[in-house]
Amino acid sequence: MSIISSLIARFSLRSRFIALIATLVFATTLLLGWVASSESAEQMEAHIGDAASEAVYQMVDKLDRSMDARIKEVKLLLGMQALTNATNTDVLREQLERLQENHNVVSWIGFTDPEGTVQAATGGILEGVSIAQRPVFIEGQQQLWIGDVHEAVLLAQLLPNPSGEALKFVDIATPVYDRNGDFHGVLAVHLSWQWAEYIQHTMLSPAAQQHDLDMLLLSADGTVLLGPPELLGQSLNTLEHVPSPGDTLPQWAIETWPNGERYVTGYARSSGFEDFSGLGWIAVSRQSVDTAFAPVDKLQAAIMGIGLLLALLFALIGWGIASRMVAPLTRLAIAADQIQDSENAECIPLERGSPELKRLSFSMRNMVGRLLDQRRKINRLEDLANTDPLTGLPNRAFLNQYLQLAMPEAERNQLSMIVIFIDLDGFKQVNDELGHHAGDLLLIEITQRLKNALRSGDVVARLGGDEFVMVLKTKQEYLEKLTNEISHRILNSVDHPVLLPNDEQAQVGCSLGAAWWPHHGLNINTVMQLADEALYAAKNKGKHQLVIHQH
(Lines give C-alpha, C1' and ligand atoms only; values in the text may rest on other atoms or scores of the structure.)
Protein backbone atom coordinates (compact mmCIF):
# COMPACT_ATOMS: atom_id res chain seq x y z
CA MET A 1 0.00 0.00 0.00
CA SER A 2 2.84 2.37 0.85
CA ILE A 3 4.44 1.68 -2.53
CA ILE A 4 1.21 2.60 -4.31
CA SER A 5 0.86 5.72 -2.19
CA SER A 6 4.44 6.77 -2.97
CA LEU A 7 3.86 6.19 -6.68
CA ILE A 8 0.67 8.27 -6.62
CA ALA A 9 2.45 11.01 -4.69
CA ARG A 10 4.95 11.41 -7.54
CA PHE A 11 2.20 12.59 -9.87
CA SER A 12 0.93 16.13 -9.81
CA LEU A 13 -2.61 16.99 -8.80
CA ARG A 14 -3.27 17.85 -12.44
CA SER A 15 -2.13 14.40 -13.59
CA ARG A 16 -4.11 12.63 -10.89
CA PHE A 17 -7.24 14.69 -11.57
CA ILE A 18 -7.02 14.08 -15.31
CA ALA A 19 -6.35 10.36 -14.78
CA LEU A 20 -9.31 10.10 -12.40
CA ILE A 21 -11.75 11.79 -14.79
CA ALA A 22 -10.46 9.86 -17.81
CA THR A 23 -10.67 6.55 -15.91
CA LEU A 24 -14.20 7.22 -14.62
CA VAL A 25 -15.47 8.30 -18.04
CA PHE A 26 -13.70 5.41 -19.78
CA ALA A 27 -14.99 2.82 -17.30
CA THR A 28 -18.54 4.25 -17.29
CA THR A 29 -18.74 4.26 -21.08
CA LEU A 30 -17.41 0.72 -21.34
CA LEU A 31 -19.82 -0.45 -18.64
CA LEU A 32 -22.77 1.15 -20.43
CA GLY A 33 -21.57 -0.38 -23.70
CA TRP A 34 -21.32 -3.80 -22.08
CA VAL A 35 -24.81 -3.49 -20.55
CA ALA A 36 -26.27 -2.31 -23.85
CA SER A 37 -24.46 -5.10 -25.67
CA SER A 38 -25.71 -7.74 -23.24
CA GLU A 39 -29.30 -6.48 -23.29
CA SER A 40 -29.30 -6.19 -27.09
CA ALA A 41 -27.78 -9.65 -27.42
CA GLU A 42 -30.43 -11.19 -25.17
CA GLN A 43 -33.24 -9.49 -27.04
CA MET A 44 -31.77 -10.42 -30.41
CA GLU A 45 -31.25 -14.04 -29.36
CA ALA A 46 -34.86 -14.17 -28.16
CA HIS A 47 -35.98 -12.66 -31.47
CA ILE A 48 -34.00 -15.25 -33.43
CA GLY A 49 -35.42 -18.07 -31.32
CA ASP A 50 -38.96 -16.72 -31.66
CA ALA A 51 -38.49 -16.50 -35.44
CA ALA A 52 -37.40 -20.15 -35.48
CA SER A 53 -40.45 -21.27 -33.50
CA GLU A 54 -42.74 -19.10 -35.63
CA ALA A 55 -41.39 -20.69 -38.82
CA VAL A 56 -42.16 -24.23 -37.65
CA TYR A 57 -45.55 -23.10 -36.40
CA GLN A 58 -46.35 -21.79 -39.87
CA MET A 59 -45.15 -25.05 -41.38
CA VAL A 60 -47.26 -27.29 -39.16
CA ASP A 61 -50.24 -24.96 -39.61
CA LYS A 62 -49.94 -25.26 -43.40
CA LEU A 63 -49.77 -29.05 -43.10
CA ASP A 64 -52.85 -29.13 -40.86
CA ARG A 65 -54.83 -26.85 -43.18
CA SER A 66 -53.76 -28.86 -46.23
CA MET A 67 -54.85 -32.12 -44.59
CA ASP A 68 -58.16 -30.52 -43.63
CA ALA A 69 -58.69 -29.54 -47.26
CA ARG A 70 -57.98 -33.09 -48.39
CA ILE A 71 -60.46 -34.48 -45.87
CA LYS A 72 -63.15 -32.08 -47.07
CA GLU A 73 -62.43 -33.17 -50.64
CA VAL A 74 -62.89 -36.81 -49.66
CA LYS A 75 -66.20 -35.93 -48.04
CA LEU A 76 -67.23 -34.25 -51.28
CA LEU A 77 -66.42 -37.45 -53.14
CA LEU A 78 -68.99 -39.24 -51.03
CA GLY A 79 -71.65 -37.24 -52.84
CA MET A 80 -70.82 -38.82 -56.16
CA GLN A 81 -73.79 -40.85 -57.40
CA ALA A 82 -71.42 -43.26 -59.09
CA LEU A 83 -70.31 -44.48 -55.68
CA THR A 84 -73.73 -45.20 -54.32
CA ASN A 85 -75.31 -46.59 -57.51
CA ALA A 86 -74.36 -49.69 -59.35
CA THR A 87 -72.55 -47.64 -61.92
CA ASN A 88 -70.39 -49.15 -64.60
CA THR A 89 -66.82 -49.57 -63.41
CA ASP A 90 -65.40 -47.66 -66.36
CA VAL A 91 -67.65 -44.68 -65.64
CA LEU A 92 -66.63 -44.68 -61.96
CA ARG A 93 -62.93 -44.96 -62.84
CA GLU A 94 -63.27 -42.06 -65.29
CA GLN A 95 -64.84 -39.83 -62.64
CA LEU A 96 -62.16 -40.73 -60.08
CA GLU A 97 -59.40 -39.99 -62.58
CA ARG A 98 -60.98 -36.64 -63.42
CA LEU A 99 -60.88 -35.74 -59.74
CA GLN A 100 -57.28 -36.89 -59.44
CA GLU A 101 -56.23 -34.61 -62.29
CA ASN A 102 -57.55 -31.61 -60.39
CA HIS A 103 -55.57 -32.49 -57.24
CA ASN A 104 -51.94 -33.19 -57.90
CA VAL A 105 -51.35 -34.30 -54.33
CA VAL A 106 -53.58 -37.32 -54.84
CA SER A 107 -51.56 -40.36 -55.94
CA TRP A 108 -54.34 -42.93 -56.00
CA ILE A 109 -58.09 -43.12 -55.39
CA GLY A 110 -59.86 -46.46 -55.14
CA PHE A 111 -63.29 -47.79 -54.26
CA THR A 112 -63.76 -51.26 -52.77
CA ASP A 113 -66.76 -53.47 -52.37
CA PRO A 114 -67.96 -54.47 -48.89
CA GLU A 115 -65.45 -57.38 -48.89
CA GLY A 116 -62.43 -55.17 -49.59
CA THR A 117 -61.86 -55.88 -53.28
CA VAL A 118 -61.00 -52.82 -55.35
CA GLN A 119 -63.82 -52.20 -57.82
CA ALA A 120 -62.55 -49.04 -59.49
CA ALA A 121 -59.32 -47.07 -59.13
CA THR A 122 -57.42 -44.34 -60.88
CA GLY A 123 -55.32 -45.78 -63.66
CA GLY A 124 -57.03 -49.14 -63.05
CA ILE A 125 -54.30 -49.81 -60.45
CA LEU A 126 -55.18 -52.64 -57.98
CA GLU A 127 -58.60 -53.20 -59.53
CA GLY A 128 -59.74 -56.69 -58.64
CA VAL A 129 -57.14 -56.88 -55.84
CA SER A 130 -58.32 -57.41 -52.28
CA ILE A 131 -57.07 -54.89 -49.70
CA ALA A 132 -59.24 -56.32 -47.00
CA GLN A 133 -56.19 -56.87 -44.73
CA ARG A 134 -54.83 -53.36 -45.21
CA PRO A 135 -55.46 -50.71 -42.54
CA VAL A 136 -57.02 -48.46 -45.14
CA PHE A 137 -59.95 -50.92 -45.46
CA ILE A 138 -60.02 -52.23 -41.91
CA GLU A 139 -60.15 -48.72 -40.37
CA GLY A 140 -62.02 -47.08 -43.26
CA GLN A 141 -65.07 -49.37 -43.03
CA GLN A 142 -65.73 -48.12 -39.50
CA GLN A 143 -65.44 -44.33 -39.87
CA LEU A 144 -63.45 -41.58 -41.50
CA TRP A 145 -59.85 -42.59 -40.91
CA ILE A 146 -56.53 -40.83 -41.50
CA GLY A 147 -53.40 -42.91 -41.57
CA ASP A 148 -49.99 -41.48 -40.69
CA VAL A 149 -47.10 -41.38 -43.13
CA HIS A 150 -46.01 -44.80 -44.33
CA GLU A 151 -44.19 -46.40 -47.25
CA ALA A 152 -46.28 -47.89 -50.04
CA VAL A 153 -46.61 -51.67 -50.01
CA LEU A 154 -48.94 -52.62 -52.83
CA LEU A 155 -48.53 -49.40 -54.83
CA ALA A 156 -44.73 -49.17 -54.71
CA GLN A 157 -44.25 -51.06 -57.95
CA LEU A 158 -47.36 -49.79 -59.69
CA LEU A 159 -47.19 -46.02 -59.38
CA PRO A 160 -44.69 -43.91 -61.36
CA ASN A 161 -41.61 -42.91 -59.29
CA PRO A 162 -39.27 -40.57 -61.20
CA SER A 163 -37.12 -39.81 -58.15
CA GLY A 164 -36.38 -43.45 -57.37
CA GLU A 165 -36.87 -42.80 -53.64
CA ALA A 166 -39.24 -44.91 -51.54
CA LEU A 167 -42.82 -43.71 -51.98
CA LYS A 168 -44.63 -42.49 -48.90
CA PHE A 169 -48.29 -41.75 -48.43
CA VAL A 170 -50.85 -40.40 -46.06
CA ASP A 171 -54.06 -42.42 -46.25
CA ILE A 172 -57.61 -41.16 -45.98
CA ALA A 173 -60.41 -43.72 -45.95
CA THR A 174 -64.11 -43.46 -45.30
CA PRO A 175 -67.06 -45.91 -45.44
CA VAL A 176 -69.58 -45.51 -48.28
CA TYR A 177 -73.28 -46.23 -47.70
CA ASP A 178 -76.04 -46.66 -50.27
CA ARG A 179 -79.32 -44.82 -50.25
CA ASN A 180 -80.77 -47.31 -47.87
CA GLY A 181 -77.95 -46.75 -45.37
CA ASP A 182 -76.36 -50.10 -45.98
CA PHE A 183 -72.54 -50.45 -46.08
CA HIS A 184 -71.58 -50.28 -49.76
CA GLY A 185 -67.76 -50.24 -49.60
CA VAL A 186 -64.73 -48.07 -48.70
CA LEU A 187 -63.41 -45.02 -50.51
CA ALA A 188 -59.63 -44.92 -50.12
CA VAL A 189 -57.34 -41.98 -51.02
CA HIS A 190 -53.53 -42.08 -50.98
CA LEU A 191 -52.03 -38.57 -50.66
CA SER A 192 -48.49 -38.28 -51.96
CA TRP A 193 -46.06 -37.23 -49.25
CA GLN A 194 -44.47 -34.90 -51.79
CA TRP A 195 -47.03 -32.26 -50.89
CA ALA A 196 -45.54 -32.14 -47.39
CA GLU A 197 -42.06 -31.82 -48.87
CA TYR A 198 -43.34 -29.01 -51.03
CA ILE A 199 -44.68 -27.19 -47.98
CA GLN A 200 -41.34 -27.76 -46.26
CA HIS A 201 -39.43 -26.13 -49.14
CA THR A 202 -41.81 -23.17 -49.26
CA MET A 203 -40.89 -22.44 -45.65
CA LEU A 204 -37.21 -22.13 -46.52
CA SER A 205 -36.30 -18.84 -48.16
CA PRO A 206 -33.10 -18.66 -50.25
CA ALA A 207 -31.47 -16.71 -47.43
CA ALA A 208 -32.42 -19.40 -44.90
CA GLN A 209 -31.03 -22.12 -47.17
CA GLN A 210 -27.74 -20.26 -47.44
CA HIS A 211 -27.50 -20.10 -43.65
CA ASP A 212 -27.87 -23.87 -43.16
CA LEU A 213 -31.41 -23.75 -41.74
CA ASP A 214 -33.07 -27.18 -41.69
CA MET A 215 -36.80 -27.82 -41.42
CA LEU A 216 -37.90 -31.23 -40.12
CA LEU A 217 -41.19 -32.98 -39.47
CA LEU A 218 -41.39 -35.62 -36.75
CA SER A 219 -44.10 -38.19 -36.20
CA ALA A 220 -45.86 -38.37 -32.86
CA ASP A 221 -43.24 -40.86 -31.63
CA GLY A 222 -40.34 -38.57 -32.62
CA THR A 223 -39.34 -40.32 -35.87
CA VAL A 224 -38.08 -37.99 -38.62
CA LEU A 225 -40.58 -37.94 -41.50
CA LEU A 226 -39.11 -34.96 -43.36
CA GLY A 227 -35.69 -33.44 -43.10
CA PRO A 228 -32.04 -33.95 -44.07
CA PRO A 229 -31.50 -37.36 -45.69
CA GLU A 230 -29.11 -38.48 -42.95
CA LEU A 231 -31.83 -38.00 -40.32
CA LEU A 232 -34.81 -39.63 -42.11
CA GLY A 233 -36.25 -42.49 -40.11
CA GLN A 234 -34.18 -41.67 -37.00
CA SER A 235 -35.77 -41.07 -33.61
CA LEU A 236 -35.10 -37.70 -31.97
CA ASN A 237 -36.62 -38.49 -28.61
CA THR A 238 -33.26 -37.70 -27.04
CA LEU A 239 -33.83 -33.97 -27.58
CA GLU A 240 -34.65 -32.43 -24.21
CA HIS A 241 -37.19 -29.81 -25.22
CA VAL A 242 -39.49 -31.73 -27.57
CA PRO A 243 -43.01 -30.55 -26.60
CA SER A 244 -45.14 -33.14 -24.86
CA PRO A 245 -48.50 -34.29 -26.29
CA GLY A 246 -51.07 -31.58 -25.83
CA ASP A 247 -48.43 -28.81 -25.71
CA THR A 248 -49.16 -27.01 -28.98
CA LEU A 249 -47.54 -23.66 -28.20
CA PRO A 250 -44.52 -22.84 -30.41
CA GLN A 251 -41.26 -22.71 -28.48
CA TRP A 252 -37.50 -22.73 -28.96
CA ALA A 253 -34.39 -23.80 -27.15
CA ILE A 254 -30.68 -24.36 -27.68
CA GLU A 255 -30.39 -28.13 -28.10
CA THR A 256 -27.43 -30.48 -28.33
CA TRP A 257 -28.29 -32.84 -31.20
CA PRO A 258 -27.16 -36.47 -31.59
CA ASN A 259 -24.17 -35.34 -33.69
CA GLY A 260 -22.87 -33.40 -30.65
CA GLU A 261 -23.42 -29.95 -32.18
CA ARG A 262 -25.55 -27.24 -30.59
CA TYR A 263 -28.45 -25.79 -32.59
CA VAL A 264 -31.03 -23.09 -32.09
CA THR A 265 -34.09 -25.35 -32.31
CA GLY A 266 -37.71 -24.34 -32.83
CA TYR A 267 -40.66 -26.64 -32.05
CA ALA A 268 -44.37 -26.63 -32.92
CA ARG A 269 -46.71 -29.59 -32.40
CA SER A 270 -49.69 -30.11 -34.72
CA SER A 271 -53.05 -29.42 -33.14
CA GLY A 272 -55.16 -30.20 -36.23
CA PHE A 273 -57.54 -27.91 -38.02
CA GLU A 274 -61.33 -28.21 -38.23
CA ASP A 275 -62.08 -31.67 -39.78
CA PHE A 276 -58.45 -32.76 -39.33
CA SER A 277 -57.94 -33.71 -35.70
CA GLY A 278 -54.16 -34.01 -36.15
CA LEU A 279 -51.68 -36.87 -36.07
CA GLY A 280 -49.35 -35.45 -33.46
CA TRP A 281 -46.79 -34.24 -35.99
CA ILE A 282 -44.01 -32.03 -34.65
CA ALA A 283 -42.40 -29.44 -36.92
CA VAL A 284 -38.79 -28.69 -36.01
CA SER A 285 -36.28 -26.11 -37.30
CA ARG A 286 -32.64 -26.13 -36.48
CA GLN A 287 -29.68 -23.85 -37.17
CA SER A 288 -26.21 -24.05 -35.67
CA VAL A 289 -25.66 -21.66 -32.80
CA ASP A 290 -22.67 -20.02 -34.49
CA THR A 291 -24.64 -19.31 -37.65
CA ALA A 292 -27.89 -18.34 -35.93
CA PHE A 293 -26.24 -15.98 -33.45
CA ALA A 294 -23.67 -14.55 -35.86
CA PRO A 295 -25.70 -11.30 -36.07
CA VAL A 296 -25.62 -11.16 -32.27
CA ASP A 297 -21.82 -11.42 -32.26
CA LYS A 298 -21.60 -8.71 -34.92
CA LEU A 299 -23.96 -6.49 -32.94
CA GLN A 300 -21.97 -7.00 -29.74
CA ALA A 301 -18.70 -6.29 -31.54
CA ALA A 302 -20.21 -3.14 -33.08
CA ILE A 303 -21.60 -1.92 -29.75
CA MET A 304 -18.36 -2.62 -27.90
CA GLY A 305 -16.34 -1.01 -30.70
CA ILE A 306 -18.51 2.10 -30.64
CA GLY A 307 -18.40 2.03 -26.83
CA LEU A 308 -14.60 1.89 -26.91
CA LEU A 309 -14.41 4.80 -29.35
CA LEU A 310 -16.86 6.79 -27.24
CA ALA A 311 -14.88 5.93 -24.12
CA LEU A 312 -11.69 7.22 -25.73
CA LEU A 313 -13.51 10.32 -27.00
CA PHE A 314 -15.06 11.07 -23.63
CA ALA A 315 -11.73 10.37 -21.91
CA LEU A 316 -10.08 12.95 -24.17
CA ILE A 317 -12.90 15.39 -23.46
CA GLY A 318 -12.51 14.69 -19.75
CA TRP A 319 -8.77 15.21 -20.07
CA GLY A 320 -9.38 18.57 -21.73
CA ILE A 321 -11.90 19.64 -19.09
CA ALA A 322 -9.60 18.50 -16.30
CA SER A 323 -6.70 20.39 -17.87
CA ARG A 324 -8.76 23.56 -17.97
CA MET A 325 -9.90 23.04 -14.40
CA VAL A 326 -6.38 22.40 -13.13
CA ALA A 327 -4.74 25.17 -15.18
CA PRO A 328 -5.74 27.94 -12.71
CA LEU A 329 -4.30 25.89 -9.83
CA THR A 330 -1.09 25.47 -11.82
CA ARG A 331 -0.89 29.22 -12.43
CA LEU A 332 -1.46 29.87 -8.74
CA ALA A 333 1.27 27.36 -7.84
CA ILE A 334 3.75 28.97 -10.27
CA ALA A 335 2.91 32.40 -8.93
CA ALA A 336 3.40 31.14 -5.37
CA ASP A 337 6.84 29.80 -6.34
CA GLN A 338 7.79 33.22 -7.73
CA ILE A 339 6.84 35.09 -4.58
CA GLN A 340 10.27 34.56 -3.04
CA ASP A 341 11.87 36.45 -5.92
CA SER A 342 9.29 39.19 -6.34
CA GLU A 343 8.15 39.48 -2.69
CA ASN A 344 4.95 41.03 -4.02
CA ALA A 345 1.53 39.59 -3.28
CA GLU A 346 0.21 41.15 -6.49
CA CYS A 347 1.97 38.39 -8.47
CA ILE A 348 -0.81 36.02 -7.33
CA PRO A 349 -3.32 36.19 -10.24
CA LEU A 350 -7.01 36.65 -9.53
CA GLU A 351 -8.65 33.70 -11.27
CA ARG A 352 -12.20 34.41 -12.44
CA GLY A 353 -13.06 31.05 -14.06
CA SER A 354 -15.41 30.12 -11.21
CA PRO A 355 -16.51 31.60 -7.86
CA GLU A 356 -14.44 28.98 -6.01
CA LEU A 357 -11.24 29.78 -7.94
CA LYS A 358 -11.84 33.51 -7.58
CA ARG A 359 -12.25 33.12 -3.82
CA LEU A 360 -9.19 30.84 -3.59
CA SER A 361 -6.93 33.20 -5.53
CA PHE A 362 -8.18 36.23 -3.55
CA SER A 363 -7.58 34.39 -0.25
CA MET A 364 -4.11 33.32 -1.40
CA ARG A 365 -3.23 36.91 -2.34
CA ASN A 366 -4.33 38.18 1.07
CA MET A 367 -2.55 35.35 2.87
CA VAL A 368 0.66 35.89 0.91
CA GLY A 369 0.48 39.63 1.57
CA ARG A 370 0.21 39.00 5.31
CA LEU A 371 3.04 36.46 5.22
CA LEU A 372 5.30 38.86 3.33
CA ASP A 373 4.59 41.62 5.84
CA GLN A 374 5.38 39.25 8.69
CA ARG A 375 8.59 38.14 6.98
CA ARG A 376 9.69 41.76 6.51
CA LYS A 377 9.03 42.43 10.18
CA ILE A 378 10.93 39.30 11.18
CA ASN A 379 13.83 40.30 8.94
CA ARG A 380 13.90 43.74 10.49
CA LEU A 381 13.86 42.23 13.96
CA GLU A 382 16.63 39.80 12.99
CA ASP A 383 18.64 42.71 11.58
CA LEU A 384 18.17 44.63 14.79
CA ALA A 385 19.17 41.61 16.84
CA ASN A 386 22.24 40.87 14.74
CA THR A 387 23.38 44.43 13.90
CA ASP A 388 25.26 47.05 15.91
CA PRO A 389 22.92 50.06 16.02
CA LEU A 390 25.71 52.66 15.81
CA THR A 391 27.97 51.35 13.08
CA GLY A 392 25.57 49.01 11.24
CA LEU A 393 28.16 46.20 11.51
CA PRO A 394 27.17 42.65 12.54
CA ASN A 395 27.27 42.15 16.31
CA ARG A 396 28.55 39.31 18.48
CA ALA A 397 25.31 37.27 18.08
CA PHE A 398 25.56 37.39 14.29
CA LEU A 399 29.27 36.53 14.43
CA ASN A 400 28.58 33.37 16.47
CA GLN A 401 25.91 32.22 13.99
CA TYR A 402 28.15 33.02 11.04
CA LEU A 403 31.06 31.01 12.43
CA GLN A 404 28.88 27.94 13.04
CA LEU A 405 27.85 27.98 9.37
CA ALA A 406 31.23 29.05 7.97
CA MET A 407 33.22 26.16 9.44
CA PRO A 408 31.38 23.31 7.60
CA GLU A 409 31.51 25.31 4.37
CA ALA A 410 35.24 25.93 4.79
CA GLU A 411 35.82 22.20 5.40
CA ARG A 412 33.92 21.28 2.23
CA ASN A 413 35.98 23.77 0.20
CA GLN A 414 39.25 22.86 1.98
CA LEU A 415 39.75 26.44 3.24
CA SER A 416 41.11 27.91 6.45
CA MET A 417 39.95 30.99 8.36
CA ILE A 418 41.83 33.97 9.76
CA VAL A 419 40.44 35.61 12.90
CA ILE A 420 41.78 39.14 13.62
CA PHE A 421 40.85 40.99 16.81
CA ILE A 422 41.06 44.81 16.50
CA ASP A 423 41.18 47.29 19.37
CA LEU A 424 41.51 51.08 18.85
CA ASP A 425 44.41 52.83 20.61
CA GLY A 426 43.58 56.26 22.12
CA PHE A 427 39.83 56.04 21.71
CA LYS A 428 39.15 56.73 25.43
CA GLN A 429 41.08 59.97 25.19
CA VAL A 430 38.89 61.14 22.26
CA ASN A 431 35.80 60.36 24.27
CA ASP A 432 37.08 62.20 27.29
CA GLU A 433 38.31 65.30 25.43
CA LEU A 434 35.80 65.69 22.60
CA GLY A 435 32.75 63.94 24.03
CA HIS A 436 30.81 60.81 23.30
CA HIS A 437 29.22 62.25 20.19
CA ALA A 438 32.64 62.80 18.68
CA GLY A 439 33.58 59.26 19.73
CA ASP A 440 30.52 57.88 17.96
CA LEU A 441 31.39 59.78 14.78
CA LEU A 442 34.92 58.43 15.02
CA LEU A 443 33.66 54.85 15.33
CA ILE A 444 31.42 55.29 12.29
CA GLU A 445 34.33 56.53 10.20
CA ILE A 446 36.69 53.79 11.44
CA THR A 447 33.99 51.23 10.57
CA GLN A 448 33.92 52.45 6.99
CA ARG A 449 37.70 52.24 6.76
CA LEU A 450 37.66 48.65 8.08
CA LYS A 451 35.07 47.68 5.45
CA ASN A 452 37.20 49.19 2.72
CA ALA A 453 40.16 47.13 3.88
CA LEU A 454 38.27 43.84 3.50
CA ARG A 455 37.82 41.66 0.44
CA SER A 456 34.42 40.67 -0.87
CA GLY A 457 33.03 37.84 1.28
CA ASP A 458 35.05 38.73 4.39
CA VAL A 459 33.23 39.72 7.60
CA VAL A 460 33.92 42.40 10.19
CA ALA A 461 31.83 42.64 13.38
CA ARG A 462 31.77 45.01 16.37
CA LEU A 463 32.06 43.25 19.70
CA GLY A 464 31.40 46.41 21.72
CA GLY A 465 33.08 49.70 22.57
CA ASP A 466 36.15 50.05 20.32
CA GLU A 467 36.68 46.29 19.77
CA PHE A 468 36.17 44.67 16.33
CA VAL A 469 36.70 41.19 14.85
CA MET A 470 37.50 40.25 11.25
CA VAL A 471 37.04 36.78 9.75
CA LEU A 472 38.65 35.92 6.40
CA LYS A 473 38.66 32.66 4.38
CA THR A 474 41.68 31.52 2.39
CA LYS A 475 43.78 28.51 1.53
CA GLN A 476 46.20 27.30 4.18
CA GLU A 477 49.32 28.34 2.23
CA TYR A 478 48.10 31.96 2.08
CA LEU A 479 47.29 32.35 5.79
CA GLU A 480 50.37 34.33 6.83
CA LYS A 481 50.59 36.43 3.67
CA LEU A 482 46.92 37.44 3.72
CA THR A 483 47.04 38.15 7.46
CA ASN A 484 49.93 40.56 7.01
CA GLU A 485 48.41 42.25 3.94
CA ILE A 486 45.03 42.90 5.55
CA SER A 487 46.63 44.02 8.81
CA HIS A 488 48.87 46.45 6.92
CA ARG A 489 45.82 47.97 5.22
CA ILE A 490 43.98 48.30 8.52
CA LEU A 491 46.94 49.92 10.29
CA ASN A 492 47.43 52.45 7.49
CA SER A 493 43.74 53.32 7.08
CA VAL A 494 43.02 53.69 10.79
CA ASP A 495 46.14 55.84 11.37
CA HIS A 496 44.83 58.75 9.25
CA PRO A 497 43.12 61.60 11.20
CA VAL A 498 39.33 61.74 11.28
CA LEU A 499 37.67 65.12 10.50
CA LEU A 500 34.92 65.96 12.98
CA PRO A 501 32.32 68.78 13.02
CA ASN A 502 33.53 72.26 13.95
CA ASP A 503 36.80 71.55 12.09
CA GLU A 504 38.00 69.31 14.87
CA GLN A 505 40.24 66.31 14.19
CA ALA A 506 40.75 63.07 16.04
CA GLN A 507 43.40 60.45 15.47
CA VAL A 508 43.63 56.92 16.88
CA GLY A 509 45.70 53.85 16.26
CA CYS A 510 44.85 50.15 16.55
CA SER A 511 46.35 46.96 17.86
CA LEU A 512 45.76 43.64 16.03
CA GLY A 513 45.83 40.07 17.28
CA ALA A 514 45.40 37.13 14.83
CA ALA A 515 44.90 33.37 15.03
CA TRP A 516 44.17 30.74 12.37
CA TRP A 517 41.57 28.00 12.18
CA PRO A 518 42.13 25.05 12.20
CA HIS A 519 45.90 25.65 12.23
CA HIS A 520 45.85 26.98 15.81
CA GLY A 521 42.81 25.02 17.02
CA LEU A 522 39.94 22.89 15.83
CA ASN A 523 37.46 24.70 18.08
CA ILE A 524 36.56 28.12 16.74
CA ASN A 525 36.03 29.48 20.27
CA THR A 526 39.59 28.45 21.11
CA VAL A 527 40.88 30.27 18.02
CA MET A 528 38.87 33.37 19.03
CA GLN A 529 40.47 33.29 22.49
CA LEU A 530 43.95 32.88 21.00
CA ALA A 531 43.38 35.90 18.72
CA ASP A 532 42.24 37.95 21.73
CA GLU A 533 45.39 36.97 23.63
CA ALA A 534 47.51 37.97 20.63
CA LEU A 535 45.74 41.37 20.66
CA TYR A 536 46.82 42.01 24.25
CA ALA A 537 50.33 40.92 23.36
CA ALA A 538 50.35 43.59 20.61
CA LYS A 539 49.25 46.26 23.11
CA ASN A 540 51.97 45.19 25.53
CA LYS A 541 54.55 45.49 22.76
CA GLY A 542 53.75 49.14 22.15
CA LYS A 543 50.42 49.16 20.36
CA HIS A 544 49.54 49.90 16.71
CA GLN A 545 50.95 46.64 15.45
CA LEU A 546 50.02 43.05 14.58
CA VAL A 547 50.77 39.98 16.66
CA ILE A 548 50.03 36.50 15.23
CA HIS A 549 49.55 33.70 17.73
CA GLN A 550 52.48 31.33 17.89
CA HIS A 551 52.28 27.70 19.00
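Sequential numbering from 1 along the given sequence is applied to the chain's residues.
- We find the CD1-CD distance between Ile172 and Glu139 to be 14.5 Å, quoted to the nearest 0.5 Å.
- In this structure, Phe137 and Ile131 approach most closely via the heavy-atom pair CB-O, 3.2 Å.
- Taken to the nearest 0.5 Å, the OG atom of Ser288 stands 11.5 Å off from the CD1 atom of Ile254.
- Qualifying side-chain hydrogen bond (donor to acceptor under 3.5 Å, both in side chains) partners for Glu411, counting only residues two or more places apart in sequence or in other chains: none.
- With sequence neighbours excluded, the residues satisfying side-chain hydrogen bond (donor to acceptor under 3.5 Å, both in side chains) with Ser270 are Asp64.
- Here the CD-CD1 distance, from Gln133 to Ile138, works out to 5.5 Å after rounding to the nearest 0.5 Å.
- Taking CG from Leu187 and CG from Leu144, the interatomic distance works out to 10.0 Å, rounded to the nearest 0.5 Å.
- Listed by chain and number, the residues in a side-chain hydrogen bond (donor to acceptor under 3.5 Å, both in side chains) with Arg269 amount to none (sequence neighbours excluded).
- Annotation: ring-ring contact (aromatic ring centres under 6.0 Å, His included) contacts of Tyr267 (sequence neighbours excluded): none.
- Scored by the salt bridge (charged side-chain N to carboxylate O under 4.0 Å, His left out) test, Glu230 finds no partners at all (sequence neighbours excluded).
- Residue Ile125 comes nearest to Ala121 through the heavy atom pair O-CB, 3.1 Å, listed as atom of the first residue, atom of the second, then distance.
- Considering only heavy atoms from C-beta on, Thr112 stays 4.5 Å or farther from Thr117 through its side chain.
- For the atom pair CD (Gln234) and OG1 (Thr223), the distance works out to 10.0 Å, reported to the nearest 0.5 Å.
- In terms of the side chain to side chain contact (heavy atoms under 4.5 Å, CB included) criterion, residue partners of Ala173 (sequence neighbours excluded) are, by chain and number, Val136, Trp145, Val186.
- In terms of heavy atoms, Gly457 sits closest to Tyr402 at O-OH, 4.1 Å.
- Here Glu94 pairs with Arg98 under the side chain to side chain contact (heavy atoms under 4.5 Å, CB included) rule; sequence neighbours left out.
- The aromatic rings of Phe111 and His184 sit tilted relative to each other, their planes meeting at an angle between 30° and 60°.
- Each salt bridge (charged side-chain N to carboxylate O under 4.0 Å, His left out) pair with one or both residues in residues 251-262, not counting sequence neighbours, would appear here, but there are none.
- Contact record, Tyr177 with Gln142: OH-O, 4.5 Å, taken as the closest heavy-atom pair.
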How far apart are the C-alpha atoms of Ile109 and Thr122, what are their side-chain angles, what is the distance that settles it, and do they pass the side-chain contact (heavy atoms from CB on, under 4.5 Å) test? CA-CA 6 Å; Ile109 305 175; Thr122 56; 3.9 Å; yes

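- Exactly one residue among Val242, Leu218, Asp214 makes a side chain to side chain contact (heavy atoms under 4.5 Å, CB included) with Val284. That residue is Leu218.
- For Glu274, the side chain to side chain contact (heavy atoms under 4.5 Å, CB included) partners two or more places apart in sequence, or in a different chain, are Asp68, Lys72.
- Scanning for side-chain hydrogen bond (donor to acceptor under 3.5 Å, both in side chains) contacts around Asn413 gives an empty result, with sequence neighbours left out.
- Partners of Glu115 according to the side chain to side chain contact (heavy atoms under 4.5 Å, CB included) rule, which considers only residues two or more places apart in sequence or in another chain, are Asp113.
- Among pairs with a residue in residues 124-133, those fulfilling salt bridge (charged side-chain N to carboxylate O under 4.0 Å, His left out) read Arg93-Glu127, at least two apart in sequence or across chains.
- We find the OG1-CG distance between Thr265 and Leu236 to be 10.0 Å, quoted to the nearest 0.5 Å.
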